[in-house]
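Below you'll find the structure, written out as structure tokens, and then a few comments.
None of the values given here were measured: they were computed from a predicted structure.
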Amino acid sequence: MPRRDRMPPEVLADLVDLLAACRAFAGVDRARLHDVARDVEVGYLAAVEPPVRPALVVMRGELRVLDAGGVVRDVVDAGEYAAVGPDSRVEPVTSALVAWLGDRARSLAWSGARDPAWRPPAQGTGTRLHATPVRAVMSSPVLMVEPSVTCREAAGLMRERRVSSVLVLGRDGPGVLTDRDLRSRLVAEGRPADTVVAEVASYPALVVGADVTCAEAQLEMLAAGVHHLPVVEGGRVVGMVTSTDLHTLEARSPLAVRSGVDRSSTVAEVAAAMAELPGSVARMLGDGAGPREVGRVVATVTDRVQRRLLDLAFAELGRPEGDFAWLCFGSQARREQTVLTDQDTGLVLPDGGGPEVEEAWAAVAAWVTDALERVGYPRCRGGVMASEPLWRHDLAGWHARLDGLVRQPSEHHLLESAIVFDARVVTGSVTVADLLGPTLARTVRDATFRGRLARVATTHRPPLGFLGRLTVEHRGEHRGQLDLKKGALLPVADLARLTAVARGGPEVGTDERLEAAAETGAMSRDLSGTLRAGYTLALGLRLQRHAELFAAGESLSNHVDPAALDPWVRAELKEYFKAVRVAQEHVASTYLVGMLG
């Protein structure tokens, strides 16, 4: 075996290349890999034997790692890394050439891959939202007026300067007065032109930093439903960026989709605007947007669609009496949504409304559910829709229903609990704390419910076979493919939800829940980091798969052929699925899942 004191330079260079290409050492400086390579021992493995050193990379061939009892714990292909314990055995599947690594390599393995990361497609599509800072497109200087200025005077200044907004000085920060405000809050309401701007402007103004990207500014506009953002630097306003400025960079961005939705006066017009969303998402991915950012954008656009359809329903049916809240569940609530999604909605009815009010709200819910289907959101096959009585209650009714789910955790009730605990208010006067607070307080004290929810979190196993290979479907139209949603995303969403519910945490997004689990000690930082990175990767693969199918004019699907993925992706997925399996085994052991009746 080549030893560090006499290793030829060309062999040393080959070993550094081997380590650099191994996913376990991604992100590690090449100089550090050079030091590791100097300590490598290379040898052939032709029969079962104890490990020569504590870690290895397979240079050629394939081997299995066995525990002290002879059980296969890992299968390692060419180019892959494995850590091996002193009681382990390694067995070649075929004769294998192995690079045995020391403790230094073991400490470096995976050290550069702990942050969630996504490798975008190699070829961009020409948009510049993610590469352009806001300062490059903002208007400066900004027109600013005193709050005592009249709307007539402000409108004259806006016309003179050819701008669509002015900043209005305020005690707690500036406000914004836009041409839209003048139309909707002054002219439409019949107010006199001498009304002071302080009565019409929006306070306080949502602001954005000068160095953030236009993509981040776009996301802020989408989430807040605004078209103007003052730009700040060093504590002072230095410019103004508008949705029109961003449209200049990308005429078919999600902002354009949102604007089309907002302008729609019929369901057909909403559907026409939403037809642009898949292409817009594809362009975002091609431009380097991360999966979590894209998921947030899609969920935000869906929020916008639901609000607009509610407005159209009120215009046609009339606005029923009382305060309400429109709810979303699942990936929309977690802000991890893709363009292949169905409806998951609910409704909080006014308190004490009576049968007539309930009937009126039921008609609105049915109208919106039908409209969402026409826009492109299929009905939920499980019936999780506001049009269904089970998903439509006043606040007291919701509390009673949730309390029943926790007190009687049948298999069906547990599935419904998993849905409800991923909830968010799209619009209305009720907060998620109002809705879920009492129930979350109860789950923290209810060990039986947590145990049964833990069983749900260990039900969906990752698609990793006994020998450590990616498993695929063996029959049907998706033969030879794996389901990214069911196999790669759902298991971790379940685990993350359990960690939040177990401590009564307010987080809804999977990444936020996993991060909180590490912060609170519910999960190790290494395991949390691996799950977060893997979840981001799987979400990105799902989004990219949808983009490819959309471009080809084919029906969207969550299935992908592992053989068509890059080798680094397959290696990363295998490590991710191993981590999911470890997390599920830990949950099963902690909550004694096997002993539950």
Side-chain angles (χ1 to χ4, degrees), residues 218-219 221-223 225 227 243 246-247 250-285 294-319 326-333 335-347 362-388 391 424 426-427 542-543 545-558:
Q218 173 183 259
L219 190 56
M221 289 184 185
L222 281 168
H227 295 265
S243 57
L246 302 185
H247 288 173
E250 176 50 84
R252 298 172 70 190
S253 73
L255 271 176
V257 175
R258 188 203 72 178
S259 296
V261 170
D262 289 346
R263 291 193 303 269
S264 299
S265 57
T266 66
V267 175
E269 290 178 359
V270 175
M274 287 297 293
E276 296 289 343
L277 185 62
S280 180
V281 167
R283 284 185 289 275
M284 287 184 68
L285 289 169
V294 175
R296 287 178 61 196
V297 165
V298 175
T300 300
V301 171
T302 300
D303 290 354
R304 203 73 181 175
V305 168
Q306 292 174 357
R307 294 191 193 109
R308 186 59 187 148
L309 292 178
L310 278 167
D311 290 340
L312 295 178
F314 294 156
E316 181 170 320
L317 304 177
R319 166 69 157 81
W326 186 268
L327 308 175
C328 67
F329 305 103
S331 61
Q332 181 186 351
R335 301 187 188 276
E336 301 161 359
Q337 198 169 29
T338 71
V339 293
L340 180 59
T341 188
D342 60 4
Q343 300 182 43
D344 288 305
T345 61
L347 182 62
V364 168
W367 194 99
V368 173
T369 298
D370 178 66
L372 283 168
E373 185 176 27
R374 292 162 59 191
V375 167
Y377 296 91
R379 292 173 182 264
C380 175
R381 287 183 291 180
V384 184
M385 295 172 291
S387 57
E388 299 297 318
W391 298 93
R424 185 166 55 79
V426 175
T427 185
R542 187 183 179 206
L543 287 163
R545 177 64 172 160
H546 294 168
E548 292 169 353
L549 292 172
F550 174 78
E554 300 178 16
S555 299
L556 303 190
S557 169
N558 293 316

Carefully, step by step, assess Val339 and Phe550 under the rule side-chain contact (heavy atoms from CB on, under 4.5 Å).
-> CA-CA 10 Å; Val339 293; Phe550 174 78; over 6 Å; no

Output, in order, the C-alpha distance, side-chain angles, deciding distance and verdict of side-chain contact (heavy atoms from CB on, under 4.5 Å) for Val305 and Met274.
-> CA-CA 9 Å; Val305 168; Met274 287 297 293; 3.4 Å; yes

Of all the heavy-atom pairs spanning Thr341 and Ser331, show the shortest one and how long it is.
-> OG1-OG, 4.1 Å

So, Arg374 side chain and Ala268 main chain: donor-acceptor pair closer than 3.5 Å or not?
-> no

Spacing of CD belonging to Glu269 relative to CZ belonging to Arg263, to within rounding of 0.5 Å | 9.5 Å

OG1 of Thr345 to CG of Leu372, rounded to nearest 0.5 Å, is 7.0 Å

Going through the distances and angles, do Asp370 and Arg379 end up as a side-chain contact (heavy atoms from CB on, under 4.5 Å)?
-> CA-CA 8 Å; Asp370 178 66; Arg379 292 173 182 264; 3.9 Å; yes

For Arg296, does the CZ atom sit with more than 12 other heavy atoms under 6.0 Å from it, leaving out its own atoms?
-> no

Pair Arg542-Asn558, side-chain donor/acceptor within less than 3.5 Å = yes

Just how far is it from atom CG of Leu309 to atom CD of Glu316, taken to the nearest 0.5 Å?
-> 11.5 Å

If only atom types and distance count, is the side chain of Gln332 paired as donor or acceptor with the main-chain N or O of Asp344 below 3.5 Å?
-> no

Quick one: do Arg258 and Asp262 satisfy salt bridge (Lys or Arg N to Asp or Glu O under 4.0 Å)? Show the steps, please.
-> CA-CA 6 Å; Arg258 188 203 72 178; Asp262 289 346; 3.7 Å; yes

List the atom of Ala333, the atom of Cys328, and the distance in Å for their closest heavy-atom pair.
-> CB-O, 3.5 Å

Between the side chain of Arg308 and the main-chain N/O of Ser264, is any donor-acceptor distance below 3.5 Å?
-> yes

Identify the two heavy atoms, one from Pro378 and one from Asp342, that lie closest to each other, and give their separation to 0.1 Å.
-> O-CB, 3.3 Å

Smallest separation among heavy atoms of Trp326 and Ala365, with atom names | CZ3-CA, 4.3 Å

Taking all non-hydrogen atoms of both residues into account, name the closest pair between Arg424 and Ala299 and its distance.
-> NH2-CB, 4.4 Å

From Arg304 CZ over to Gln306 CD, what is the distance, rounded to the nearest 0.5 angstrom?
-> 12.5 Å

Polar side-chain atom of Gln343 near backbone of Tyr377 as donor-acceptor pair, under 3.5 Å | yes

Distance in Å, Trp367 CH2 paired with Leu312 CG, rounded so as to fall on 0.5 Å steps | 5.0 Å

Scanning both residues in full, the closest heavy-atom pair of Ala273 with Gly260 reads CB-C, 3.7 Å

For Arg335, the option from Val297, Asp303, Thr302 that meets side-chain contact (heavy atoms from CB on, under 4.5 Å) | Asp303

Would Val375 and Val267 count as a side-chain contact (heavy atoms from CB on, under 4.5 Å) if you check the C-alpha gap in whole Å, the side-chain angles of each, and the deciding distance to 0.1 Å?
-> CA-CA 7 Å; Val375 167; Val267 175; 4.0 Å; yes

Nearest 0.5 Å please: distance from the CZ atom of Arg319 over to the CG atom of Asp311.
-> 10.0 Å

